[in-house]
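This report refers to the structure that appears directly beneath it.
What you see is a predicted model, and the numbers here were worked out from it, not measured in a lab.
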Amino acid sequence: MTPRAKAQKSFGFFILFVESIMKKQTKYIFVVGGVISGVGKGITSSSIGLILKNRGLKLTAIKIDPYINIDAGTMNPTEHGEVFVLKDGDETDQDMGNYERFLDINLTRINYITTGRVYKTVIEKERNLEYKGKCVEVVPHIPLEVIKRIKEAGKNAKADIVIIEIGGTIGEYQNMLFLEAARMMKLSSPKDVVFVMVSYLPTPQKVGEMKTKPTQHAVRTLNASGIQPDILIARGDVNLDKKRKEKISLFCNMPVDRVISAPDVDSIYDIPINFEKEKLSDKLCEILNVVSKKPNVKAWKKWKKFAKYAHNGQKTIKIAMVGKYFETGDFILSDSYLSIIEAIKYSSYAQNKKPILTWLNSSDYEKPAQPNGHSGGNPTKLKELKKYDGIIIPGGFGSRGVEGNLNVVKFARENKIPYLGLCYGMQMMVIEYARNVLGLKDANTKEVNPNSKNLVIDVMESQKEILKNNFYGGSMRLGEYKAILRDNTIAKGAYAQKEIIERHRHRYEVNPAFIGDLEAKGLIFSGRSPDGHLMEIAELPKNRHPFFLGTQFHPEFLARPLSPHPLFTAFIKACCAHLKLNAKEGIKKKK
Ligand code: GLN
């Protein structure tokens, strides 16, 4: 070859190289679940996201919920778990919270897909003649709309990798069209699409041996949809041994090193660390042919340090969560309050404390109604609250448990137990204060008793028309709003800034007509909307109570593992101080 030809050739390679960088191809990782629901697809997706982000890649995540509901907002939390609110107000599945927390990103409604959303769009397009006279059919038009949304989410985020978690379990009717969309994507671009199956390997007690058969069946069922998993995450009580890895490899048609053992762990934050022990990020990069950087050692160290806190060895603080959305049959399911639990953990770990949460049913703090219609409280039960270092009343709807909540708030206020009220919990604070300090005995929220003469919590003006027309879905005050903080308050001290942005989900608000009287009696509204009309934070001054604070918004949605939420941190600090005080008093009593 002449020197000129040589130069031309190497220049050609250079152009190809530059072109390949310029045309950066987005890659897609589909995560599907086998055998049983609740197998940990959400945490697996989040953990995969984290280990890839740690390799210098840009990630976004999508949750597909295969139900007809447009969003999760109209579902009962005991049915569905927590409703996680995004910055743009979308009411979504709790897994979206896991993605935001693990990946430390903010997602928007494009990242949340439901069957209802997809069908609604397709039907609207058909009505608008966008299919140009074609017969619109379930296949291919529904999967094509799904693909469009997935690609849009990737483009919006300028992502190198999009993780798509398909809800439900393999073999259900509900998620078939989503699997079909995934299959079509793989067909059109085989090198850019990976399938991860999260499956469950039971160890029946009587048999005493881990069984691979259900997983084999699940993989075959997935095969019937035209999909072969590239990676299998084998969930089980214990580690998968070599023999079972080989069995799965043989019968599920995949190299043995693509079978990843994922035993139960005490803390979900260990999962990315365990995945990396199995070199999962290397394997994914290899399959997807993406050039990843070396692991970001600093970020990884921080994560490991944080994950360590979840384990024993630190002092504990006892926190009571008083609510109503955790009973399902004979089980207690704390899923409805997932973001709050995580927010508590982050702030506690940062104080080198381990939180012990106790679930208390608000109805247990009610007594049969008195003549005025109010409950007198259950004195023995209430006294038991003294053993906690802090009490939280989370968000809620409707009248069940409200009287119990009010008794709990009164007890916390009078006994100076740190109290954090979140949304409904803040409204409870205001009602309790109005009843017991202002003497407005029938004070209430319109949501519970529209006939009360003292509606200290009233429906927001903007909501009246909505409620009249029964437009319930997606119509609350939702998503991010600004608030301005007042100087010399607990709130301002915690945030250490004047202006904050927090996520909301409510229809009712503090009635402006009562603000003057409430403040005159000592309650401070330390956070307000920029126009001053909406009360966003209520608190008592520190000289009257160590920590008695409620927020109309949901701070829990912004808590992240490595950046705990300032209000939760302030609350936890108050709990620690309460713990110390109790310990001192305990010593005094003994003496
Ligand atoms: N039910 C109350 C309202 O709609 C509080 C809502 C909540 O706690 N998220 O205003």
Side-chain angles (χ1 to χ4, degrees), residues 31-33 36-50 60-67 69-109 111-117 163-169 174-175 198 235 267-269 271 321 323-328 331-346 357 359 392 394-397 422-424 474 476 478-479 503-505 553-561 565 568:
V31 179
V32 299
I36 54 166
S37 64
V39 74
K41 288 191 304 288
I43 299 297
T44 298
S45 307
S46 310
S47 301
I48 288 178
L50 177 68
T60 192
I62 294 175
K63 173 76 197 275
I64 296 181
D65 268 332
Y67 43 60
N69 303 57
I70 295 291
D71 57 42
T74 51
M75 273 180 270
N76 187 326
T78 44
E79 184 130 326
H80 177 270
E82 175 183 80
V83 175
F84 188 84
V85 182
L86 304 183
K87 62 187 263 195
D88 63 3
D90 203 17
E91 295 171 286
T92 70
D93 180 73
Q94 62 190 35
D95 278 326
M96 299 290 280
N98 287 324
Y99 308 156
E100 286 204 350
R101 289 187 283 267
F102 273 70
L103 294 172
D104 199 9
I105 49 173
N106 290 315
L107 301 169
T108 59
R109 62 186 64 234
N111 298 82
Y112 189 55
I113 301 179
T114 69
T115 301
R117 283 185 182 187
I163 297 183
I164 309 111
E165 179 191 346
I166 301 186
T169 314
Q174 305 226 62
N175 54 23
V198 189
R235 292 277 297 105
S267 158
I268 51 170
Y269 300 108
I271 292 172
M321 285 268 279
K324 62 176 176 180
Y325 300 121
F326 35 68
E327 291 164 326
T328 64
F331 299 94
I332 284 193
L333 199 74
S334 48
D335 265 15
S336 322
Y337 305 113
L338 191 64
S339 296
I340 303 177
I341 301 172
E342 300 313 301
I344 293 172
K345 283 186 195 165
Y346 308 155
L357 298 181
W359 305 97
I392 294 182
F397 294 86
L422 303 169
C423 208
Y424 219 18
M476 283 186 250
L478 291 166
R503 297 185 192 173
H504 296 246
R505 183 174 185 246
F553 49 82
H554 291 271
E556 66 269 25
F557 295 141
L558 291 187
R560 302 275 164 92
H565 192 286
F568 276 91

Can you check side chain to side chain contact (heavy atoms under 4.5 Å, CB included) on E82 and S339, steps first, answer last? CA-CA 8 Å; E82 175 183 80; S339 296; 2.6 Å; yes
Which value, rounded to the nearest 0.5 Å, describes the distance between [X] atom [atom1] and [Y] atom [atom2]?
X    : Y    : atom1 : atom2 : answer
M321 : W359 : CE    : CH2   : 3.5 Å
Q94  : L338 : CD    : CG    : 5.0 Å
E556 : I340 : CD    : CD1   : 4.5 Å
Y346 : R560 : OH    : CZ    : 9.0 Å
I271 : I43  : CD1   : CD1   : 6.0 Å
N69  : E91  : CG    : CD    : 11.0 Å

SB check E342 R101 (cutoff 4.0 Å): no
Hey, is the main chain of [Y] close enough, under 3.5 Å, to the side chain of [X] for a donor-acceptor pair?
X    : Y    : value
T92  : F84  : yes
K41  : G168 : yes
R109 : D88  : yes
D90  : T108 : no

Within-4.5 Å side-chain heavy-atom neighbours: [X] and [Y]:
X    : Y    : answer
D71  : R117 : yes
T115 : Q174 : no
N175 : I64  : no

Do you know which two heavy atoms are closest between [X] and [Y], and how far apart they sit?
X    : Y    : value
V83  : F557 : O-CZ, 3.5 Å
F568 : P555 : CE1-CG, 3.8 Å
D95  : D93  : N-OD2, 2.9 Å
V85  : R505 : CG2-CD, 3.6 Å
N106 : K87  : CB-CD, 3.7 Å
L86  : M96  : CD1-CE, 3.9 Å

Hey, what's the ring geometry for Y269 with F102, parallel, tilted or perpendicular (30° and 60° as the breaks)? parallel
Could you verify whether a donor N or O on one side chain and an acceptor N or O on the other, from D65 and Y67, lie under 3.5 Å apart? yes
For I344 and I392, what are the C-alpha separation, side-chain angles and deciding distance, and is it a side chain to side chain contact (heavy atoms under 4.5 Å, CB included)? CA-CA 10 Å; I344 293 172; I392 294 182; 3.5 Å; yes
